[in-house]
Enquirer: 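Below: one structure in structure tokens.
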Amino acid sequence: MAISSKYDPSEIEHKWYSYWMDNGYFYSKPDSRPAYTIVIPPPNVTGILHMGHMLNNTIQDILIRRARLLGFNACWVPGTDHASIATEAKVVAKLKESGIEKKDLSREKFIGHAWNWTHEYGGVILEQLKKLGCSCDWERTKFTMDEDMNAAVIKTFVDLYREGKIYRGFRMVNWDPEAQTTLSDEEVIYEEKQDLLYYLSYELEDGSGTVTIATTRPETILGDTAICVNPNDERYKSLVGKYAIVPVCGRRVPIISDDYVDIEFGTGCLKVTPAHDMNDKILGEKHNLEVIDILNPDGTLNQLGLHYEGQDRAVARKAMAKELEQIGVLVKTELITHKVGTSERTKAIIEPRLSDQWFLKMEDLAEPAIEAVLSSDAINFFPKKFENTYRHWMSNIRDWNISRQLWWGQQIPAYYYGEGNNDFVVATSKTEALDMARTISGKVDLRIEDLRQDADVLDTWFSSWLWPMSVFDGINHPENEEFKYYYPTNDLVTGPDILFFWVARMIMAGYKFSEQKPFSNVYFTGLVRDKQRRKMSKSLGNSPDALQLIEDFGADGVRVGLLLSAAAGNDLLFDDALCQQGKGFANKIWNAFRLVKGWEVSDTNQPKENELALEWYTHKFDQAIAEIDDHFDKYRLSDALMTTYKLIWDDFCSWLLEAIKPEYGQPIDCTTYDRIIVLFEQNLKILHPFMPFLTEEIWQQNAIRQNHEALVVADWPKSNGFDPNFIAQFESVKEVVGQLRALRKSQQIPFKEQIQVLVYGNMDFSAELVGVIKKLTNLSEMKTVNQKEDGALSFRIGSTEYFVPVSGPVDTEGELIQLKEELKYTKGFLKAVQGKLSNERFVGNAPESVVAIEKQKEKDALEKIEMLQNRIESLEI
RNA sequence: GGGCGCUUAGCUCAGUUGGUUCAGAGCACUUGGUUUACACCCAAGGGGUCGGGGGUUCGAAUCCCUCAGCGCCCACCA
């Protein structure tokens with residue numbers, strides 16, 4: 001039955017994925033081979049596949065599949081992240097839809113809902129990765145809230161606490177009023193926003209006048225406890241030490257001075273609200289100011305907000321502005337652009353807020369992590385430029401706020417046994433906590449029910465920073481075989497957006513808890529954008545449906561499409577056309593296979609030119625392999641793919657297959673055939689990491705398959721070295737063929753019409769190479785002559801001239817024009833070269849080899865000019 | 001405000017230590033081609049004074065300075 005000329009991936013992809021799974025090819029356990037490990041950046045458990053995942057996981061799969069072919073024990077650990085705040089927000093939203101408010105639920109009930117949600121949607125994304133072809137060891141699938149993962153988190157927390165690295169502090173933190181939790185600094189996204197700057201005048205207590213301040217948040221005047229001016233500001237020197245009256249609430253506040261205040265900004269007078277601004281907090285501490293918190297956790301004003309109590313801060317702001325205007329306090333307003341912190345997850349505007357939180361000291365952890373990346377090269381970033389970003393952040397690292405006022409996540413293992421803020425112990429279990437509490441408090445009758453666990457959960461990243469270790473149970477059981485075998489892992493593939501959130505912290509955790517690096521190489525992917533360079537986003541609707549893409553172009557097509565323009569760290573401008581190119585490539589290979597498979601094989605002798613063409617391709621292949629390996633070593637995957645693409649499409653299909661292809665209907669000799677099959681298989685191997693499905697399909701249909709049943713576990717070809725001279729010689733063949741094709745085109749000589757080629761000068765082609773040329777351009781003969789052919793068509797390569805005699809009249813006008821142009825150019829070139837050579841400074845300073853090259857150029861140019869002139873003369877007669 | 005990076009063909013990007021092979025690739029484009037694997041194809045071809053200016057050098061896309069434009073990261077400017 002004839003095979004379709006259209007490659008149809010749909011059935012094939014499903015078939016081979018099942019086959020790989022059924023045969024356990026992705027399954028890994030420790031053995032005598034060296035391990036090659038990648039841990040997946042765990043996607044949000046409730047997430048669905050988007051373009052970023054597609055790119056990221058395609059890259060990981062390419063690396064892991066190649067490692068498998070190279071003979072490593074390849075292990076790719078998949079899994080998902082509980083994504084504390086993101087998942088909790090989704091669950092809250094979903095409950096709301098069915099009329100349930102989080103606040104009406106008990107903690108246990110809510111967590112039950114979250115687990116239901118997790119079980120329902122968790123793993124959807126992993127199933128989608130299978131469609132992409134990802135060869136993860138699915139038996140190792142982990143979730144950051146698995147029992148053992150939780151245990152690792154708790155152990156880590158307890159250890160760090162006991163070491164004094166974790167502490168509790170009443171501090172100004174980033175508060176998300178929507179999710180009603182704190183956020184780490186990294187979770188706050190600053191956005192430019194236009195807002196009104198309100199100028200407000202406060203009466204002075206002594207009635208001597210007013211002082212005008214500028215603020216973007218008039219509602220917070222209710223929390224004002226001072227006014228501050230710069231000590232060097234001549235305008236206000238006399239005011240310092242006086243008191244002003246805050247409008248609306250009538251509070252008497254001191255006028256103080258501090259260098260912090262910028263004389264240029266606004267009026268040069270700053271209202272100080274220590275409870276609602278980081279800097280004001282600092283000022284407050286310095287000047288011993290009262291702290292008045294006017295906000296509730298949800299962002300509404302509390303009773304200190306007076307008649308604005310219960311109103312959201314944004315609502316209260318407008319109302320307050322109105323009131324201030326009515327009572328004549330509002331002097332003017334001005335539109336300004338400033339940066340406002342928003343929550344990465346909920347997009348709510350962040351409120352600086354004072355509260356009790358848990359912090360992790362980072363400075364000591366950072367030290368070896370900096371060293372590993374920047375000094376010792378134990379860990380390498382690709383592209384390297386991210387090392388700069390890393391250094392900058394790491395050397396200015398701040399303590400990490402690790403507590404979150406959420407329910408979904410690992411609850412902080414601190415247990416309070418008394419009313420005091422410090423009446424707590426930190427322990428791995430409640431029973432252990434009880435023992436400790438009894439000892440510390442001296443209350444031997446303390447019961448387990450008397451213990452109250454801290455309500456907060458840990459930041460999601462506090463579990464994921466352990467990921468490369470905890471997936472192998474390396475935190476609780478560092479001596480276990482698997483951990484010792486697979487860890488440190490090899491490559492990490494992720495986006496630069498989580499360089500600080502995750503990558504840096506994993507490195508710190510690695511050195512802290514395993515005294516080793518967690519991975520050797522970090523490959524940063526770029527952002528996937530659309531053709532207009534816009535980020536892909538739901539609201540823009542410019543993100544293609546990942547699964548639909550796979551359906552339309554095949555997983556292989558999409559993988560190639562993504563890789564084609566995805567140099568490490570560069571943003572990828574996604575375009576369907578790239579997937580189309582990938583699909584086209586699949587089809588091209590498919591048809592090459594159809595061609596070969598369709599040949600009849602005879603036991604006739606192998607024509608010499610076939611042997612030669614095959615040998616050329618073998619050299620070319622070895623050259624390409626060396627290049628591809630080099631690209632892989634440098635994590636230049638696009639280049640590795642492009643080299644493979646050109647090798648297969650141009651060299652294999654367009655040159656080799658065309659050169660050895662038998663006449664229509666004729667059989668091919670068995671020697672050539674066998675060689676082609678082997679080479680075809682070699683091609684499949686290097687292509688397999690990029691296009692796993694297509695290559696496995698062809699491999700399985702192919703005849704030979706030496707040692708391996710499946711391509712997925714075949715061996716990566718080794719370069720046997722190559723002869724550049726041999727390749728160069730064949731390149732000359734290509735050049736002659738190209739010239740003859742061009743000549744045919746310009747003279748409109750159809751391919752079917754045989755032509756004769758006469759060569760004047762040195763023809764250093766063997767008879768076999770001539771055979772290749774004859775076949776590729778349909779020549780009757782190609783021979784050397786002792787005399788130039790008059791009136792024939794001609795072209796030159798080097799110092800050799802080629803003539804094609806034709807029967808009819810020859811159109812020499814075009815050639816003449818070309819020749820004259822070439823002559824003009826060559827003369828100019830010669831002049832430049834001679835100019836250089838007559839420059840004493842050049843001859844004196846340049847290395848001899850460079851001068852020699854210039855001399856050779858001069859000689860060649862002179863020869864060429866003579867030849868061109870002769871040719872022009874002969875044509876003009 | 002501080003730091004980092006980018007600017008090369010219509011588009012997306014390579015160009016490692018300055019020197020034959022340095023001005024490249026893929027796509028797009030133009031022209032011609034289809035009973036003979038593939039029109040998701042074949043063949044040939046056009047296209048860039050390497051962002052502007054200055055400097056170092058015998059020689060600069062490559063090193064230095066400067067200007068312009070773009071991007072990213074960090075930072076408490078009300």
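Chain letters run A, B, ... following the sequence lines, proteins first and then strands; every chain starts at 1. Remember, predicted model here, so these are calculated numbers, not experimental data.
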Enquirer: On a whole-Å scale, what distance lies between the P atoms belonging to B/G48 and B/A23?
Expert: 14 Å

Enquirer: Roughly, in whole Å, what's the span from NZ in A/Lys384 to P in B/U16?
Expert: 16 Å

Enquirer: Whole-Å distance between B/G26 P and A/Ile648 CD1?
Expert: 15 Å

Enquirer: Is any side-chain nitrogen or oxygen of A/Ser654 closer than 4.0 Å to OP1 or OP2 of B/A43?
Expert: yes

Enquirer: Indicate, with a heavy-atom threshold strictly under 4.0 Å, whether A/Asn388 touches base, sugar-phosphate, or nothing.
Expert: sugar-phosphate

Enquirer: Which value, in whole Å, describes the distance between the C1' atoms of nucleotides B/C74 and B/A28?
Expert: 40 Å

Enquirer: Taking only N/O atoms, report every protein-nucleotides 38-40 of chain B pair under 3.5 Å with atom names and distance.
Expert:
from, atom 1, to, atom 2, distance (Å)
B/C38, O4', A/Asn591, OD1, 3.1
B/C38, O2', A/Asn587, ND2, 3.4
B/C38, O2, A/Lys588, NZ, 3.1
B/C38, N3, A/Lys588, NZ, 2.8
B/C40, O2, A/Lys583, O, 3.4

Enquirer: Checking base pairs now: Watson-Crick or wobble, both atom distances under 3.5 Å. What partners B/G59?
Expert: none

Enquirer: RNA chain B: A/Thr267 or A/Leu657, which has the more 5' nearest nucleotide?
Expert: A/Leu657

Enquirer: If you find the nucleotide of RNA chain B closest to A/Lys752 and the one closest to A/Asp571, which residue's nucleotide is nearer the 5' end?
Expert: A/Asp571

Enquirer: Within the modelled atom types, does a donor on one side and an acceptor on the other bring the side chain of A/Lys634 and the base of B/U16 under 3.5 Å apart?
Expert: no

Enquirer: Of the options B/C77, B/U12, B/C58, whose atoms approach the side-chain atoms of A/Leu573 most closely?
Expert: B/U12

Enquirer: Between A/Arg217 (side chain only) and A/Arg313 (backbone N and O only), is there a donor and an acceptor less than 3.5 Å apart?
Expert: no

Enquirer: Specify the separation, in whole Å, of atom CZ of A/Phe842 and atom P of B/U20.
Expert: 10 Å

Enquirer: When both hydrogen-bonding distances must be under 3.5 Å and the geometry is Watson-Crick or G-U wobble, what is B/G71 paired with, if anything?
Expert: B/C4

Enquirer: Hey, does A/Pro496 reach any base, or is it just sugar-phosphate, or nothing, if we go heavy atoms under 4.0 Å?
Expert: nothing

Enquirer: Looking at A/Asn845, does any N or O in its side chain come under 4.0 Å of the phosphate oxygens OP1/OP2 on B/C58?
Expert: yes

Enquirer: Once you round it to whole Å, what is the distance between C1' of B/G33 and NZ of A/Lys745?
Expert: 9 Å

Enquirer: For B/A14, does either OP1 or OP2 sit under 4.0 Å from a side-chain N or O belonging to A/Asn570?
Expert: yes

Enquirer: Does B/A43 have a Watson-Crick or wobble mate here (both distances under 3.5 Å), and if so which one?
Expert: B/U31

Enquirer: Would one find more than 12 heavy atoms of other residues, nucleotides or ligands at under 6.0 Å from atom CD of A/Gln194?
Expert: yes

Enquirer: I want to check something: taking the side chain as every heavy atom from C-beta on, are A/Tyr260 and A/Asp262 in contact at a cut-off of under 4.5 Å?
Expert: no

Enquirer: If the P atom of B/U57 is compared with that of B/C72, how far apart are they to the nearest Å?
Expert: 40 Å

Enquirer: It should be established whether A/Arg391 places a side-chain nitrogen or oxygen under 4.0 Å from OP1 or OP2 of nucleotide B/C74.
Expert: no

Enquirer: Return no unless some side-chain N or O of A/His338 is found under 4.0 Å from OP1 or OP2 of B/A78.
Expert: yes

Enquirer: With a cut-off of 6.0 Å (strictly less than), are more than 12 heavy atoms of other residues, nucleotides or ligands near CD of A/Glu363?
Expert: no

Enquirer: State which of B/G19, B/A78, B/A37 makes the closest approach to the side chain of A/Ala846.
Expert: B/G19

Enquirer: Whom does B/A14 pair with, Watson-Crick or G-U wobble, provided both distances fall under 3.5 Å?
Expert: none

Enquirer: Does A/Val272 reach a base, just sugar-phosphate, or nothing at all? Heavy atoms under 4.0 Å.
Expert: nothing

Enquirer: Tell me if a side-chain donor or acceptor on A/Asp195 pairs with a main-chain N or O of A/Thr216 at a distance below 3.5 Å.
Expert: no

Enquirer: Kindly point out which of B/A14, B/A78, B/G26 is positioned nearest to the side chain of A/Lys646?
Expert: B/G26

Enquirer: Do A/Thr182 and A/Asn401 pass the side chain to side chain donor-acceptor pair (under 3.5 Å) test, and can you show the C-alpha distance, the side-chain angles, and the key distance before you say yes or no?
Expert: CA-CA 8 Å; A/Thr182 58; A/Asn401 173 201; 3.2 Å; yes

Enquirer: Take the angle between the ring planes of A/Trp393 and A/Phe500 and call it parallel below 30°, perpendicular above 60°, tilted in between.
Expert: parallel

Enquirer: Nearest 0.5 angstrom please: A/Lys193 NZ to A/Ile336 CD1, how far?
Expert: 10.5 Å

Enquirer: Round to the nearest Å and state the distance from A/Met278 atom CE to B/A78 atom P.
Expert: 13 Å

Enquirer: Are there more than 12 heavy atoms of other residues, nucleotides or ligands under 6.0 Å from atom CD of A/Gln532?
Expert: yes

Enquirer: Counting side-chain heavy atoms from CB outward, which of B/C76, B/A78, B/C27 is closest to A/Tyr645?
Expert: B/C27

Enquirer: Please measure how far the P atom in B/A14 lies from the corresponding atom in B/G2, and state the result in whole Å.
Expert: 29 Å

Enquirer: So, does A/Gln729 use its side chain to make a donor-acceptor pair with the main chain of A/Phe726 at under 3.5 Å?
Expert: no

Enquirer: Between atom NZ in A/Lys531 and atom P in B/G10, what is the gap in whole Å?
Expert: 19 Å

Enquirer: Let's see if you can work this out: which of B/G19, B/C58, B/A78 has an atom nearest to the side-chain heavy atoms of A/Val850?
Expert: B/G19

Enquirer: What's the CE-C1' distance between A/Met642 and B/A14, to the nearest Å?
Expert: 11 Å

Enquirer: Nearest to the side chain of A/Leu270 - B/A78, B/C74, B/G26?
Expert: B/A78

Enquirer: I want to check one thing: is the phosphate of B/C76, taken as OP1 and OP2, less than 4.0 Å away from some side-chain N or O of A/Arg398?
Expert: yes

Enquirer: Suppose you measure atom P in B/C64 against the same atom in B/U16; what distance do you get, rounded to whole Å?
Expert: 13 Å

Enquirer: Nearest-Å distance, CG (A/Leu740) to C1' (B/G32)?
Expert: 17 Å

Enquirer: So, is A/Arg636 close to the B/G15 phosphate, meaning a side-chain N or O under 4.0 Å from OP1 or OP2?
Expert: yes

Enquirer: Could you measure between the two P atoms, the one in B/U20 and the one in B/C67, and give it in whole Å?
Expert: 33 Å

